[in-house]
Amino acid sequence: MRLITVLLVCCVVLMKNVISRSLAKEGNLSLPAIASKYGYTTQLYDAITEDGYILRLFRIPGMRKVPILLMHGILDSANTWIIRGNTSLAITLANQGYDVWLGNCRGNRYSRRHIYLDPNIDEDFWNFSFHEYGFYDLAAIIDTVLYITGADQLDAIGHSQGTTMFYVLGSTRPEYNQKVNVLVSLAPVCYLQNVPPPLKMMIQYSPIINNLATSLRAQEVFKENADMKNALKALCMHPLIGYSMCIRDTVFPITGDDEEELEADFLPVLLDHFPTATSVKNLYHFAQVSYRRQFVRFDYGADINLDMYGYPIPPKYDLDNVEMRVALFVGQNDFVSTVEDVAILKQNLPNVVQHLVIPRRKMNHADFVLGRHMNEYLFPYIFDVLRTYESENVLNVSH
Ligand SMILES: *[C@@H]1O[C@H](CO)[C@@H](O)[C@H](O)[C@H]1NC(C)=O
Ligand SMILES: *[C@@H]1O[C@H](CO)[C@@H](O)[C@H](O)[C@H]1NC(C)=O
Ligand SMILES: *[C@@H]1O[C@H](CO)[C@@H](O)[C@H](O)[C@H]1NC(C)=O
């Protein structure tokens, strides 16, 4: 009897070790591999944009008829929605029977492909910003999801830049507003004029940084497996100084701090997935939006602007066109998507159905996707919105 108990305890302890170690080790798994740990089979699709980019779409099928599309934020990928495992949004939605679709923007680890441009050689590949993410990528992704599922509309959840894309698309191609039943905007990014330092300083110096990058012919930021990225990652993985150097002193001053939700144990997993690549031009476009204090097209300088837009200054995106239903969720401790800037956004969007400051005081920019207890602090509000605007016949009765 005693022996059996001892054996059992040993077994449990061993198992626990194996499980926690396998979590960390599997940090570098791809999205389908992570989903399969939770019992889900992932389908892969490609969405091809009008300008030739090939984007990877993941689908975790569910029995509900209205598909739901999740769009990641800047320097991120679809993985962000799943790396918290059974407390992640993707797995939580799948557990509730949603037909979950996860998009990836051009240039990131899953979408570094084009029908004729080579991202390693052709500089044109990297000539894009969030404008193209919205105008081309999101249009192609939505059309692919609706084509494959046969649905007329989808629900959508975006994080940060993953919300900007919807504002770009809804304003420049208004016909897409009808294809979105409701957009849940997590840490929405549209106006960036109230960001505090140090991000504010980085934005002030962005023209200089951009010129430097141009002269170095650097166009891709955080390229996969680049020496620079690998060195940074090794440094941040350091068990003693990694967390304080990379998270406490680097990430938190930009996103807002929250050590409970972004804990040290999670860092090795996070570093296998974040950051992933984007273009210098994308970062610069966000900086321009911030210092111009307007949601505007990319500023190429007067001559090219005149050519491209017919005006020497870049035109504003017309948010009056964004007629889709939008729920705005904002964190009080978010230094990127600030309470002030989201209030401006609310005034400019015609169809805001909810504007909620998340009660958790420490809620920061990263928590919305990466926080460890979002199933408690955030998801109930998301499900409230989805249920409120659920169209009829959502459940497939034959199931
Ligand atoms: C993940 O990491 C393991 C060891 O840490 C390595 O053997 C494997 O090749 C990595 N997988 C990917 C997809 O990078
Ligand atoms: C997630 O899985 C862990 C370990 O299996 C379990 O203890 C926990 O209750 C689960 N959480 C949820 C929200 O399902
Ligand atoms: C990027 O594209 C724009 C518009 O097509 C063009 O005017 C500009 O010269 C391009 N920039 C580079 C660096 O190729």
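Both ligands and their constituent atoms are indexed starting at 1 by order of listing. A quick note: this is a predicted structure, and the numbers were derived from the prediction, not measured.
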Taking the six-membered ring of [Y] as reference, does the NZ or CZ atom of [X] fall below 6.0 Å from its centre and within a 45° cone about the axis?
X: Arg173; Y: Phe135; value: yes
X: Lys281; Y: Tyr284; value: no
X: Arg106; Y: Phe125; value: no

- Task: With sequence neighbours excluded, give me every ring pair (Phe, Tyr, Trp, His ring centres under 6.0 Å) pair touching residues 305-328.
- Result: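 The answer is His131-Tyr317, Phe295-Tyr317.
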
- Dump the intermediate steps for salt bridge (Lys or Arg N to Asp or Glu O under 4.0 Å) on Arg372 and Glu263, then the final yes or no. CA-CA 8 Å; Arg372 132 208 234 192; Glu263 74 284 17; 3.5 Å; yes

- Query: Heavy-atom contact under 4.0 Å between Glu123 and ligand 3?
  - Reply: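 It does not, in that no heavy atom of Glu123 comes within the 4.0 Å cut-off of ligand 3.
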
Quick one: ligand 2 N/O to protein N/O pairs below 3.5 Å?
residue: ligand 2; atom: 2 (O); partner: Asn86; partner atom: ND2; Å: 2.3
residue: ligand 2; atom: 11 (N); partner: Asn86; partner atom: ND2; Å: 3.0
residue: ligand 2; atom: 14 (O); partner: Asn86; partner atom: ND2; Å: 3.3

- Sub-4.0 Å atoms of ligand 3 with respect to non-hydrogen atoms of Met308: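 By the 4.0 Å cutoff, the relevant atoms are 4 (C).
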
- Message: Any nitrogen or oxygen of Lys281, side chain or backbone, less than 3.5 Å from one on ligand 3?
- Response: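 Min N/O separation from ligand 3 is not below 3.5 Å for Lys281.
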
- Message: Do Asp367 and Glu260 have side chains that approach each other closer than 4.5 Å (heavy atoms only, starting at C-beta)?
- Response: no

- Task: Any chance you could lay out the side chain to side chain contact (heavy atoms under 4.5 Å, CB included) test for Val326 and Phe166, step after step, and finish with the verdict?
- Result: CA-CA 10 Å; Val326 180; Phe166 283 88; over 6 Å; no

